[in-house]
K.L.:
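This structure is in structure tokens; I'll ask about it shortly.
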Amino acid sequence: QVQLVESGGGSVQAGGSLRLSCVASLYSISSTCMGWFRQAPGKEREGVATMYRSGGPTAYTDSVKGRFTISQDTAKNSVYLQMNSLKPEDTAMYYCAAGALLRGACLSLAPFVNYNWGQGTQVTVSS
């Protein structure tokens, strides 16, 4: 079993910041691909940021580069998404994901079915 517990979502004004947290249980993030995905109503789930193993290479979708940062605290078995300069188009349900993926798959930002998912946390950005 794997469990991902998320927190940090909320409503903010454009230009504001949020920090999402994801705590993994029953396994170590050091041996997994960790990522953040989002899905807005009527749209497909898209990869926002991924990290291959704890402290390893990262990938970001173009729309968030320079604004979002994925990071980890291995001792706490946690992954974070720092979201700065938020825009209304960032509004979505954000999901933490963990999976036993190879490097290329992990960094592709694709929402592979073998990911385990958190329950999601809503991020709403107003103009």
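Keep in mind that the numbers below use all heavy atoms, side chains included, and drop hydrogens, waters and symmetry copies. Each residue takes its place number in the sequence, starting with 1.
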K.L.:
Report the residues that fulfil side chain to side chain contact (heavy atoms under 4.5 Å, CB included) with S54, sequence neighbours left out, ordered by chain and then residue number.
P.N.:
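I29, S30, Q72, T74.
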K.L.:
Would a hydrophobic clustering, with Ile, Leu, Val, Met, Phe, Trp and Tyr connected at side-chain separations under 4.5 Å, put L20 with V48?
P.N.:
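Yes.
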K.L.:
In residues 78-86, what donor-acceptor pairs under 3.5 Å come from side-chain atoms, sequence neighbours left out?
P.N.:
{"from": "S78", "atom 1": "OG", "to": "K76", "atom 2": "O", "distance (Å)": "2.9"}
{"from": "Q82", "atom 1": "NE2", "to": "N84", "atom 2": "OD1", "distance (Å)": "2.9"}
{"from": "N84", "atom 1": "OD1", "to": "S17", "atom 2": "OG", "distance (Å)": "2.9"}

K.L.:
To the nearest 0.5 Å, tell me how far T69 OG1 sits from R67 CZ.
P.N.:
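Rounded to the nearest 0.5 Å, the OG1-CZ separation comes to 11.0 Å.
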K.L.:
Going only through I, L, V, M, F, W and Y residues with side-chain contacts under 4.5 Å, is there a path from F37 to V23?
P.N.:
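The answer is no; the residues belong to distinct hydrophobic clusters.
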K.L.:
Identify, with sequence neighbours excluded, every residue that meets side chain to side chain contact (heavy atoms under 4.5 Å, CB included) alongside T61.
P.N.:
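In terms of side chain to side chain contact (heavy atoms under 4.5 Å, CB included), with neighbours along the sequence ignored, T61 is linked to E46, S63, V64, L109.
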K.L.:
Please say yes or no: joined through hydrophobic side-chain contacts below 4.5 Å, possibly via intermediate residues, are L4 and W117 part of one cluster?
P.N.:
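Hydrophobic grouping puts L4 apart from W117.
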K.L.:
Heavy-atom count around E44 CD within 6.0 Å, excluding the residue itself: above 12?
P.N.:
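No.
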K.L.:
When you measure from the side chain of Y60 to the backbone N and O of I70, does any donor-acceptor pair fall under 3.5 Å?
P.N.:
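Checked: pair present.
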K.L.:
Grab the two heavy atoms, one from M34 and one from C22, that are nearest each other, plus how far apart they are.
P.N.:
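Minimum heavy-atom contact is CE-SG, 4.5 Å.
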K.L.:
Could you tell me which residues satisfy side-chain hydrogen bond (donor to acceptor under 3.5 Å, both in side chains) with S108, sequence neighbours excluded, listed by chain and number?
P.N.:
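Counting only residues at least two positions away or on another chain, S108 forms no side-chain hydrogen bond (donor to acceptor under 3.5 Å, both in side chains).
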K.L.:
Could you tell me which non-hydrogen atom of S126 sits nearest to which non-hydrogen atom of P88, and how far apart they are?
P.N.:
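So the minimum-distance heavy-atom pair works out to C-CG, 4.5 Å.
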K.L.:
Sequence neighbours excluded and cut-off under 3.5 Å, please list the side-chain donor-acceptor pairs for residues 93-106, or say none.
P.N.:
{"from": "Y94", "atom 1": "OH", "to": "R38", "atom 2": "NH1", "distance (Å)": "2.9"}
{"from": "Y94", "atom 1": "OH", "to": "D90", "atom 2": "O", "distance (Å)": "2.7"}

K.L.:
According to a 4.5 Å side-chain heavy-atom criterion applied to Ile, Leu, Val, Met, Phe, Trp and Tyr, with indirect links allowed, do L18 and V125 form part of one hydrophobic cluster?
P.N.:
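Yes, because L18 and V125 connect within a single hydrophobic cluster, where side-chain heavy atoms sit under 4.5 Å apart.
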K.L.:
Calculate, to the nearest 0.5 Å, the distance between atoms NZ and OG belonging to K87 and S127 respectively.
P.N.:
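The NZ atom of K87 sits 12.0 Å away from the OG atom of S127.
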K.L.:
If the condition is side-chain hydrogen bond (donor to acceptor under 3.5 Å, both in side chains), which residues does N114 pass it with, not counting sequence neighbours?
P.N.:
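Applying side-chain hydrogen bond (donor to acceptor under 3.5 Å, both in side chains) to N114 gives none.
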